[in-house]
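Notes follow the structure.
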Amino acid sequence: MPDTEHHSLDAVVIGAGFGGMYALHLLRGLGLKVRAYDDADSVGGTWAWNRYPGARVDFPGGPYYCYTFSRELVRDWDWPESQPDQPSVLAYLNHVADRFDLRRDIELRARVTAARYDEAAQRWQLDIATGERVSARFLICATGALSAANRPNIPGLDRFAGECYHTGLWPQRPVDFAGKRVGIIGTGSSGVQAIPVIARTAAHLSVFQRTPQYAIPARNRPLDAAFRRDTREQWPLLRAMMLETLAGTPFPSPTRSALEDSPQQREALYEEHWQRGGLGIAFGTYGDLMSNAESNATLCEFVREKIRRAVHDPDIARRLLPDYPIGTKRLILDEGYYETYNRSNVTLVDLRENPIIEITPQGVRTERGEHALDMLVLATGFDAITGALTRLNPRGRGGLPLAEAWAGRFSTYLGLAVRGFPNLFMIHGPESPSVLYNMPLGAERQAEWIRDCIADLQERSLGGIEAAPGVDLEWGRTVADIADQTLFPRTDSWYTGANIPGKHRQFPVHLDAPQYFATLQQVAAAGYAGFSLE
Ligand code: N01
């Protein structure tokens with residue numbers, strides 16, 4: 001059992017991924033009594049759960065998907081590949097936990113089952129699944145933007161008699177596909193990464209696709225000594241660029257419109273990026289791909305043509321062609337995804353023409369017949385961004401549960417705080433840059449802001465901080481106005497909440513990260529403007 005001295009804390013952090021571990025490190029640095037709780041049996045957050053075959057970083061600057069706060073950490077860590085795989089990222093996070101001696105304040109296999117704010121005491125009261133009860137002045141929810149698995153509501157799913165795994169809750173032990181008839185539902189990033197790997201060993205793979213996706217070749221490659229040397233030497237410059245750019249990469253953002261080039265010039269530029277691999281084709285070519293439908297259509301058609309050429313059977317190729325603006329569903333990095341459909345042991349089941357009726361003990365029954373399976377993989381994604389928070393469902397002032405407060409629309413101040421939930425801070429909360437920014441860097445910057453805010457309260461002997469009435473509405477308008485200038489809200493995706501039946505449609509990302517982080521600085525400099533302090 002945990003030591004009783006932990007029962008009354010200054011701060012609790014929920015989650016031991018990138019955000020939670022750094023928040024723990026920073027708050028401990030203030031001299032606070034702080035402890036992190038995580039349901040997983042390892043540190044690493046998303047990287048501890050998503051162990052499915054093929055999982056890799058899909059951020060445009062693979063080796064820059066890391067902490068930046070410690071130059072020594074950068075100096076001592078070598079990323080092996082341009083798009084690091086899940087075991088590498090998990091090894092990195094374990095290294096961080098050891099290097100900064102974080103483990104002594106992290107409780108694993110310890111889900112927080114309840115959190116309620118005690119208004120009189122100005123403290124959060126928490127129940128932990130281990131039976132422990134904890135109280136803390138501050139609650140930091142580093143619960144992950146893509147951590148609440150979406151188990152599809154398909155009739156009969158519980159009756160399936162074979163092995164069944166969700167990609168986001170993948171078991172630690174090896175899963176063997178050899179000789180098995182495997183079915184996979186879902187063709188988002190997880191499905192598209194897993195499908196080529198599973199197809200290599202399964203006897204047969206049936207892919208159940210509801211919506212086709214655009215995928216760009218990752219062309220993952222080993223990083224050489226010269227890259228490592230340059231990264232170390234130029235780190236201050238690279239980091240400064242990361243802090244300034246829209247996506248938190250050390251690459252300048254293009255400003256030209258795709259329509260300024262001739263079709264031949266565009267084709268040549270797209271082809272150059274396609275051959276190089278990675279998401280530069282969308283982030284490093286033209287500045288208006290995500291805001292101008294006509295510009296976006298030029299890249300859509302380029303990728304569709306690649307799909308037509310990659311897939312031998314024109315009928316299968318046709319079913320794989322997406323028809324919405326590229327990038328408005330998360331753009332995917334793949335390794336031989338489309339070519340996988342040329343294999344004789346892979347079948348594409350197009351659910352738009354042939355929907356699933358039910359899961360039976362033996363497999364998946366669609367309108368046109370039954371697909372017999374030994375294993376079912378659910379690559380069906382997440383209740384993104386708000387899901388982990390509403391499942392935690394903290395109760396704020398008056399005992400109001402967060403899920404109720406957000407039943408219509410979610411609302412936050414700065415994507416960090418929620419009115420009616422004093423002393424609660426979110427990392428990668430809704431209405432922050434979160435999933436469309438370099439997530440480790442975003443977590444770092446938010447955690448540093450939270451640390452500074454708490455230090456300021458301590459200095460002024462204040463016990464509570466809460467978003468003031470009205471500021472959340474104004475913040476929501478700011479976030480929506482920026483999003484409405486882009487193509488993102490127009491497509492059904494997990495960004496818009498459309499993947500979860502009954503979820504309110506609301507775009508949850510602040511798309512102008514430089515403006516976002518500048519606002520955080522201004523709010524702090526103005527003595528935490530927009531907050532009520534007591
Ligand atoms: O989830 P998704 P994901 N019946 O929501 C389908 C990050 N990530 O886990 O498109 C049938 O994208 C659904 O269909 P549709 C990354 O940000 C990062 O793949 O809704 N199908 C879709 O095809 C990513 O975007 C890495 O029509 C159903 C799929 O399931 C995010 O996580 C790796 C269904 C879900 O796709 C989520 O990706 C992996 C149903 N009832 C993921 N319900 C990195 O490498 C859902 N689908 C860092």
Side-chain angles (χ1 to χ4, degrees), residues 17-18 44-47 49-62 65 81 83-90 144-157 165-170 183-195 197 206-216 218 220 278-279 320 322-324 327-335 337 348-352 354-359 364 366 376-385 387 428 434-440 488 491-501 503 508-509:
F18 269 106
T46 222
W47 296 98
W49 290 107
N50 285 267
R51 295 167 188 260
Y52 62 85
R56 279 183 187 279
V57 169
D58 63 356
F59 174 67
Y65 178 92
E81 295 172 305
Q83 300 297 143
D85 63 7
Q86 177 271 335
S88 310
V89 185
L90 191 57
L146 293 158
S147 54
N150 171 37
R151 193 174 157 82
N153 190 12
I154 302 175
L157 183 53
Y165 307 107
H166 189 287
T167 50
L169 302 169
W170 201 260
I184 183 165
I185 302 179
T187 53
S189 306
S190 306
V192 167
Q193 285 182 333
I195 285 164
V197 183
S206 302
V207 179
F208 298 91
Q209 171 194 268
R210 192 162 66 179
T211 311
Q213 286 269 18
Y214 296 100
I216 308 295
N220 186 42
L279 295 177
L320 288 167
D323 60 1
Y324 48 85
T328 54
K329 269 176 172 310
R330 179 104 175 174
L331 197 50
I332 299 174
L333 283 185
D334 81 291
E335 295 193 65
Y337 171 65
L348 176 67
V349 183
D350 184 345
L351 300 180
R352 292 175 305 180
N354 181 19
I356 295 177
I357 304 294
E358 62 171 345
I359 312 277
V364 173
T366 63
L376 185 58
V377 176
L378 304 173
T380 45
F382 304 91
D383 182 352
I385 305 189
H428 293 317
S434 69
V435 294
L436 284 161
Y437 189 67
N438 183 342
M439 292 190 81
F488 282 105
T491 298
D492 284 351
S493 70
W494 61 258
Y495 290 139
T496 57
N499 66 325
I500 301 297
K503 190 169 176 178
V509 182

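What you see below is based on every heavy atom in this structure, not just the backbone, and it leaves out hydrogens, waters and symmetry mates. Indexing begins at 1, ligand by ligand and atom by atom, following the structure's order.
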Is the backbone N or O of Asn150 less than 3.5 Å from a side-chain atom of Asp383, with the two atoms forming a donor-acceptor pair by type?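 Checked: no pair found.
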Can you tell me if His428 uses its side chain to pair, donor with acceptor, with the backbone of Leu146 under 3.5 Å?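 No.
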Partner of Arg56 under side chain to side chain donor-acceptor pair (under 3.5 Å), chosen from Glu81, Gln83, Gln193: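 Single pass found, and it is Glu81.
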Search all heavy atoms of Tyr337 against all heavy atoms of Asp334 and return the closest pair with its distance.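 Closest heavy-atom pair between Tyr337 and Asp334: N-OD2, 2.7 Å.
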Can you work out which protein residues put a heavy atom within less than 4.0 Å of ligand 1?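 Contacting ligand 1 under 4.0 Å are Trp47, Tyr52, Arg56, Val57, Asp58, Leu146, Pro152, Ile185, Gly186, Thr187, Gly188, Ser189, Ser190, Gln193, Arg210, Thr211, Lys329, Arg330, Leu351, Ala379, Thr380, Gly381, Phe382, Trp494.
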Are Asp58 and Ile332 close enough that some pair of their side-chain heavy atoms sits under 4.5 Å apart?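 Heavy-atom side-chain distance check fails, nothing below 4.5 Å.
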Spatial distance of atom CG (Asp492) from atom CZ (Arg210) [nearest 0.5 Å]: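 It comes to 9.0 Å.
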